[in-house]
Structure formats: structure tokens, C-alpha cells
Amino acid sequence: MDRLGREETGDEGWQYLDVHDLRRTWGTYLLEQGVIPSVVMSFGGWEDWDTFRKHYLGEFSPEAIRRERGKVDFLEGGDESAEVVHPGTLPAPKSHSEG
């Protein structure tokens, strides 16, 4: 896989993947599939929410962001491609004049 990854992407970083990268990717994938964080923590053996959120979660895929945004009326619309959403963050509230 190491050689294949470099050949496909030209990225030498493939040499440095380890079990922590796999665990982080796996946890993020489960979250994107709709598994609730407490269950992902249980499956993966994470015990501390702050550590789980800060150190093991990556950014959500654009598809997951669009799917979740569609579930909440006040989040629909806007330029999703320009936005990076990190797990555990909330958008800034709109003022009453924007509503």
C-alpha cells in the first residue's frame, strides 16, 4: 500500500501512516455514517470526550456536511464549498435583522 499510495498521489506522507491515522479515519467515517459520538467512543475505546474531539476526529466530508445541514432549517443555503466544519463546533447565530 505504501508504494501504491506514493505512485497514485506523489505524496511521500504515505510512508508515515500508522494505527492512529487508521483509528482517526475509522472514527470519522463512523460519525459520517450517522453513528452517534458516544457509540463511536465506545467502539474505539475513547474515554475522554475532549481528547476524542480534539485529537482523533478529522474534518467531515463535504457530503456529510451537506446531509447534516439539510436536517436543520436555519443552516440550509450558503456556500458549503467554502466552509470547513470541525466536529463539535456550531455556526455563529444569525442576528434578528438577518432572519
Side-chain angles (χ1 to χ4, degrees):
M1 182 170 165
D2 177 60
R3 194 171 68 95
L4 179 63
R6 281 195 316 258
E7 289 174 2
E8 288 180 1
T9 66
D11 184 354
E12 294 292 320
W14 286 95
Q15 297 179 72
Y16 306 105
L17 292 176
D18 63 14
V19 295
H20 296 288
D21 297 307
L22 177 60
R23 186 178 188 216
R24 182 176 22 257
T25 301
W26 174 80
T28 301
Y29 176 78
L30 291 179
L31 290 166
E32 288 185 350
Q33 299 307 305
V35 179
I36 60 174
S38 58
V39 173
V40 175
M41 288 176 67
S42 177
F43 288 168
W46 289 286
E47 295 180 4
D48 181 71
W49 168 248
D50 286 333
T51 300
F52 178 71
R53 182 177 52 82
K54 291 176 185 175
H55 300 289
Y56 290 97
L57 294 180
E59 297 172 357
F60 289 116
S61 70
E63 295 81 20
I65 293 167
R66 281 190 288 278
R67 181 189 68 233
E68 296 305 308
R69 175 171 278 166
K71 293 179 182 179
V72 183
D73 291 338
F74 67 86
L75 294 178
E76 291 187 54
D79 183 7
E80 290 126 356
S81 65
E83 184 175 359
V84 175
V85 177
H86 297 275
T89 62
L90 295 173
K94 288 184 177 181
S95 70
H96 293 289
S97 62
E98 293 179 76

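Note that these values count all heavy atoms, side chains included, but never hydrogens, waters or copies made by symmetry. Worth saying up front: this structure is predicted, and the values here are computed from it rather than measured.
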- request: May I ask whether Y16 and L22 are part of the same hydrophobic cluster, defined by side-chain heavy atoms of I, L, V, M, F, W, Y residues being less than 4.5 angstrom apart, directly or through others?
  value: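 Looking at the clustering, L22 is in a separate group from Y16.
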- prompt: Transitively linked via ILVMFWY side-chain contacts under 4.5 Å: V19 with L17?
  reply: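 No, it is not one cluster - the side chains of V19 and L17 are not joined through contacts under 4.5 Å.
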query: Do W49 and F52 make the cut of ring centroids closer than 6.0 angstrom?
result: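 Yes; F52 has its ring centre under 6.0 Å from that of W49.
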- request: Calculate, to the nearest 0.5 Å, the distance between atoms CG and CE belonging to L30 and M41 respectively.
  value: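 One gets 13.5 Å once the value is rounded to the nearest 0.5 Å.
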- prompt: Given the rule in the side-chain contact (heavy atoms from CB on, under 4.5 Å) test, do R53 and W46 qualify, once you have shown the distances and angles that lead to the verdict?
  reply: CA-CA 10 Å; R53 182 177 52 82; W46 289 286; over 6 Å; no
task: Hey, can you tell me if F43 and W26 have their rings parallel, tilted or perpendicular (30° and 60° cut-offs)?
output: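 Judged by the thresholds at 30° and 60°, the geometry between F43 and W26 is tilted.
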side-chain contact (heavy atoms from CB on, under 4.5 Å) between T28 and E32, worked out: CA-CA 6 Å; T28 301; E32 288 185 350; 4.0 Å; yes
message: I'd like to know whether CD of E47 has more than 12 heavy-atom contacts from other residues, nucleotides or ligands below 6.0 angstrom.
response: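 Atom CD in E47 is not crowded, with 12 or fewer foreign heavy atoms closer than 6.0 Å.
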message: Between D21 (side chain only) and R24 (backbone N and O only), is there a donor and an acceptor less than 3.5 Å apart?
response: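 Not at all, since once roles are kept as given, no pair shorter than 3.5 Å links the two residues.
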Donor-acceptor contact below 3.5 Å, side chain R66 vs main chain S61: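 No; judged by distance alone, with no hydrogens or angles, the pair does not exist.
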Distance-minimising heavy-atom pair for I36 and L31: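 Nearest pair, atom of I36 first, then L31: C-CD2, 4.2 Å.
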